[in-house]
Amino acid sequence: MIDHYTLLVRDYAKSKSFYAAALEPLGYGLVMELTREQVQSLGVPATCGFGAAAPKLWIAPTEGDIMPTHIAFTAKSRAEVDAFHAAALAAGATDNGPPGVRAHYHPAYYGAFVLDPDGYNIEAVCHGPA
């Protein structure tokens, strides 16, 4: 249903670095960056998008309030969930739930949760068996 999503971030450079590191184990990377010089109607100085082939998660700077948000990224395996969690913590995230089965969602739900530099609840989840 959702084609792409934008998170507003307080420190654009820090968040860009964080998402590049945290999403790499899931096979996602920086796909595109746009600046106001390239797109004069851009409402911010710069924005960048992460994904596999096309940008699916965009970040853009804000000086305004940050609203609590939860985003879950698909992982192909439980090992990818584990690697995401480790990479996110190494990139400065706060643990918000270590890798593990969350049977209250369904018996094979394996996820890990971190809080990004702005406090967003970011998850990687694998719905398949071990």
Side-chain angles (χ1 to χ4, degrees):
M1 177 188 305
I2 296 172
D3 184 78
H4 60 276
Y5 189 82
T6 300
L7 288 178
L8 299 177
V9 299
R10 291 186 185 99
D11 185 330
Y12 179 75
K14 182 176 183 178
S15 291
K16 180 180 167 184
S17 177
F18 169 79
Y19 281 101
L23 296 177
E24 189 274 331
L26 301 176
Y28 306 125
L30 180 65
V31 176
M32 182 183 299
E33 185 166 26
L34 300 172
T35 66
R36 193 173 287 143
E37 290 75 32
Q38 295 168 303
V39 182
Q40 293 177 345
S41 62
L42 194 63
V44 294
T47 184
C48 65
F50 298 88
K56 299 296 183 181
L57 171 69
W58 288 85
I59 62 168
T62 187
E63 294 179 10
D65 292 335
I66 301 292
M67 301 300 294
T69 300
H70 171 71
I71 297 176
F73 293 98
T74 301
K76 296 179 203 81
S77 67
R78 291 180 177 194
E80 278 192 1
V81 172
D82 296 345
F84 157 82
H85 189 258
L89 293 178
T94 301
D95 181 37
N96 198 33
V101 174
R102 306 303 198 273
H104 52 278
Y105 296 128
H106 66 73
Y109 194 107
Y110 188 87
F113 303 81
V114 299
L115 299 177
D116 83 348
D118 288 291
Y120 291 124
N121 184 19
I122 307 301
E123 175 186 5
V125 59
C126 174
H127 294 281

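Minimum heavy-atom separation, Pro25 to Ala21: CD-O, 3.4 Å. For the residue pair Lys14 and Pro117, the shortest heavy atom distance occurs at CE-CB, 4.0 Å. For the residue pair Val114 and Ala93, the shortest heavy atom distance occurs at CB-CB, 3.7 Å. Of all heavy-atom pairs spanning Phe18 and Ala88, the tightest one is CE1-O, 3.6 Å.
For the atom pair CG of Asn96 and OG1 of Thr94, the computed distance is 8.5 Å after rounding to the nearest 0.5 Å. From Leu30, atom CG reaches atom NZ of Lys16 across 5.5 Å, with rounding to the nearest 0.5 Å. To the nearest 0.5 angstrom, Leu89 atom CG is 10.0 Å from Leu115 atom CG.
Proximity of Ser15 to Asp118: side-chain heavy atoms (C-beta onward) are separated by under 4.5 Å at one or more points.
Within the structure, salt bridge (charged side-chain N to carboxylate O under 4.0 Å, His left out) pairs that include any residue of residues 42-56 comprise Asp3-Lys56 (at least two apart or interchain). For residues 18-29, the set of pairs meeting the side-chain hydrogen bond (donor to acceptor under 3.5 Å, both in side chains) definition, not counting sequence neighbours, comprises Tyr19-Asp116. Screening residues 76-105 for ring-ring contact (aromatic ring centres under 6.0 Å, His included) gives Tyr105-Tyr109 as the qualifying pairs, with residues at least two apart or on separate chains. Sequence neighbours left out, not one pair with a member in residues 88-109 passes salt bridge (charged side-chain N to carboxylate O under 4.0 Å, His left out).
In the hydrophobic clustering of this structure, Tyr5 does not group with Trp58; members are Ile, Leu, Val, Met, Phe, Trp, Tyr whose side-chain heavy atoms approach within less than 4.5 Å, directly or through other members. No continuous path of ILVMFWY side-chain contacts below 4.5 Å connects Leu57 to Val31, so the two sit in separate hydrophobic clusters. Hydrophobic clustering (ILVMFWY, side-chain heavy atoms < 4.5 Å, transitive): Ile122 and Val125 are in distinct clusters.
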Show which side-chain atoms of residues 38-53 pair as donor or acceptor with protein atoms under 3.5 Å away, not counting sequence neighbours.
residue	atom	partner	partner atom	Å
Gln38	OE1	Thr35	N	2.8
Gln38	OE1	Thr35	OG1	3.4
Thr47	OG1	Ile59	O	2.7

Which side-chain N or O atoms in residues 67-83 pair as donor and acceptor under 3.5 Å with protein atoms at least two apart or in another chain?
residue	atom	partner	partner atom	Å
Thr69	OG1	Met67	O	3.1
His70	ND1	Asn121	O	3.1
His70	ND1	Asn121	ND2	3.1
His70	NE2	Glu123	OE1	3.0
Ser77	OG	Ala79	N	3.4
Ser77	OG	Glu80	N	3.1
Glu80	OE1	Lys76	N	2.9
Asp82	OD1	Tyr110	OH	2.7

